[in-house]
Protein chains: 2
Amino acid sequence: MANLVIDSREIPQYSVESVLDAVIWGDALEVLPKLPDEMADMVFIDPPYFLQLPQKRLLRWKVKTIVEGVDEDWDKFESFESYDQFIITILKEVKRIMKARATIWCIGTYHNIHRIGKLMQDLGFWILNDVIWVKTNAMPNWLNVRFTNATETLIWAVKDKSVKGYTFNAEIARRFSKGKLAINVWELPICIGEERLKDGQGKKLHPTQKPKALLERVILISTKEGDIVFDPLAGTGTTGVVAKCLNRHFVMIEKRQEYVEACLKRLSQEITQPALWRSDEK
Amino acid sequence: MANLVIDSREIPQYSVESVLDAVIWGDALEVLPKLPDEMADMVFIDPPYFLQLPQKRLLRWKVKTIVEGVDEDWDKFESFESYDQFIITILKEVKRIMKARATIWCIGTYHNIHRIGKLMQDLGFWILNDVIWVKTNAMPNWLNVRFTNATETLIWAVKDKSVKGYTFNAEIARRFSKGKLAINVWELPICIGEERLKDGQGKKLHPTQKPKALLERVILISTKEGDIVFDPLAGTGTTGVVAKCLNRHFVMIEKRQEYVEACLKRLSQEITQPALWRSDEK
DNA sequence: CAAAGTCCTGAATCATATG
DNA sequence: ACATATGATTCAGGACTTT
């Protein structure tokens, strides 16, 4: 079902055909330059959030269990500058890979989304909206020293100010927000339960797996059937899975072996009708 | 009732006493360096958003009226770079003027808030939260080419990562969001009706007047009675008016004469109990 | 006077066709 | 490249007018 492309130094350049509906196993920084110009109709990027969590573990008060935060190598950067460099490098390549009327979505929290937004503007991207994902089941802030952060922000943009005629399916967008208008606020639970992938030990496989219902909204609103959706930092591949469920093509890049394996497994098992996980009922 | 301080070149330095509960009529860039270190317990900044609206007017099709967008000199900048310089200059001075455990709020939309957030991080500010203001009566996007932008974002931060013991009144914060937790999402209407200031011709005096209910939330949650709230870009003075209503002190700077006059008038007329405009009922 | 209907407008980076 | 004309007509809330 799913195509696997193992990146290597011998490969100088990819054709669209060779990566269509494929997971490319490799480092995005190395793979991106090999992808063709104007390949993608839409790009979804879920970059590391650079959370800068303290080393000491957070203990739940009552049950005395440790909160499993994000403690992956891929979320560690030496400084804001090195984080910015990572983002800039990817965004520049992505811009080249976007079709003229393609749009791009970047998701993040207050830790990183503002950096990304400013860097996008500096690179010439023209922001169309930010969309607020209100998580209906966010983890409370027990210490009461700040608000419970229940939101993530998606920035939606085109390549530059002059772009017209990008895809925006307004009728569909109206379904996903409260009220009659297509408002830039979405209420959705975070990914838990059966949808959440586990490793051999029953631990969550990926710390920030995005819900399929979120990608459904992104893809339905900003692409047409047959379009190519590109995700250069695929993780466990929610983008590609949802794209296929909705009759779109995907191209994904992922570096970590266990995530690539998860992508392939999901692509062979989860290509179903969206009915089970969609959430567009008002 | 309200103190007016007219800034001039002869004034080299202000004492706290000389500006307490005063509107300083002058250019923030000139006044800020004259204000004392560690004066403020909390800072609220509502900077120009740099909207970059097109020159052509937007016409309502049926009623043939023009949408009165923001077309003020103070929202015009030559480039992102010059906008950034304006923000950086103000933020640096503000940081000096903040007490060690003070907090700062900056409000904006996707046009500018990401720039501000990144610049704040680069200046060492440590973001505690972003708070999403969901506007219940935002203007629709009736051409259906993007989402109706119904939100503004408030970034809430301390001077640096090490700051502890800042004021966060969690009990009050819980009242302002849905559910039992103090969530970072506030639903509030934009400022219209009787609260909205008009000029002699019945036109809105300020294009972006903030509702008192918004400032009430900010001030109640992040200050104590008797604290000094500082607003270097005061506009029509909502910050000071609400501060006085809630038994806090204020210091405000405003450049434009008609806004200063509005501040003084409001400070002499609107210092009432908050009951009339507050909106903390669940 | 109350109720119902009309009109106006809000931090907006809102489109397309023709000349 | 500009300027100008035309058009597919959304929602909430307050002010005002009519019934």
Self-check item: Same-atom distance (C1') from C/dC1 to D/dT17, integer angstrom
Solution: 15 Å
Quiz item: Between D/dT10 and A/Lys180, is there an OP1 or OP2 to side-chain N/O distance shorter than 4.0 Å?
Solution: no
Quiz item: Which of these nucleotides, C/dC14, C/dT13, C/dA11, is closest to any side-chain atom of B/Asn149?
Solution: C/dT13
Exercise. Tell me whether the OP1 or OP2 atom of C/dG10 has a side-chain N or O from B/Lys204 closer than 4.0 Å.
Key: yes
Quiz prompt | Whole-angstrom distance between C/dT9 and D/dT10, as gauged at atom C1' | solution = 13 Å
Quiz item: Taking the side chain of B/Leu53 as heavy atoms from C-beta outward, which of D/dT10, C/dT9, C/dA12 is closest to it?
Solution: C/dA12
Quiz item: Would you say a side-chain N or O of B/Arg196 is under 4.0 Å from OP1 or OP2 of C/dA11?
Solution: yes
Quiz item: For DNA chain C, whose closest nucleotide is more 5', that of B/Val145 or that of B/Pro207?
Solution: B/Pro207
Quiz prompt | Distance, C1' atom - from C/dT18 to D/dG7, rounded to whole angstrom | solution = 14 Å
Quiz item: Taking for each residue the nucleotide of DNA chain D with the nearest heavy atom, is it B/Asn144 or B/Thr136 whose nucleotide lies nearer the 5' end?
Solution: B/Asn144
Quiz prompt | Member of A/Thr89, A/Leu123, A/Ile104 meeting the side-chain contact (heavy atoms from CB on, under 4.5 Å) criterion with A/Val94 | solution = A/Ile104
Exercise. Pick the C1' atom in D/dA8 and in C/dA11, then give their distance to the nearest Å.
Key: 26 Å
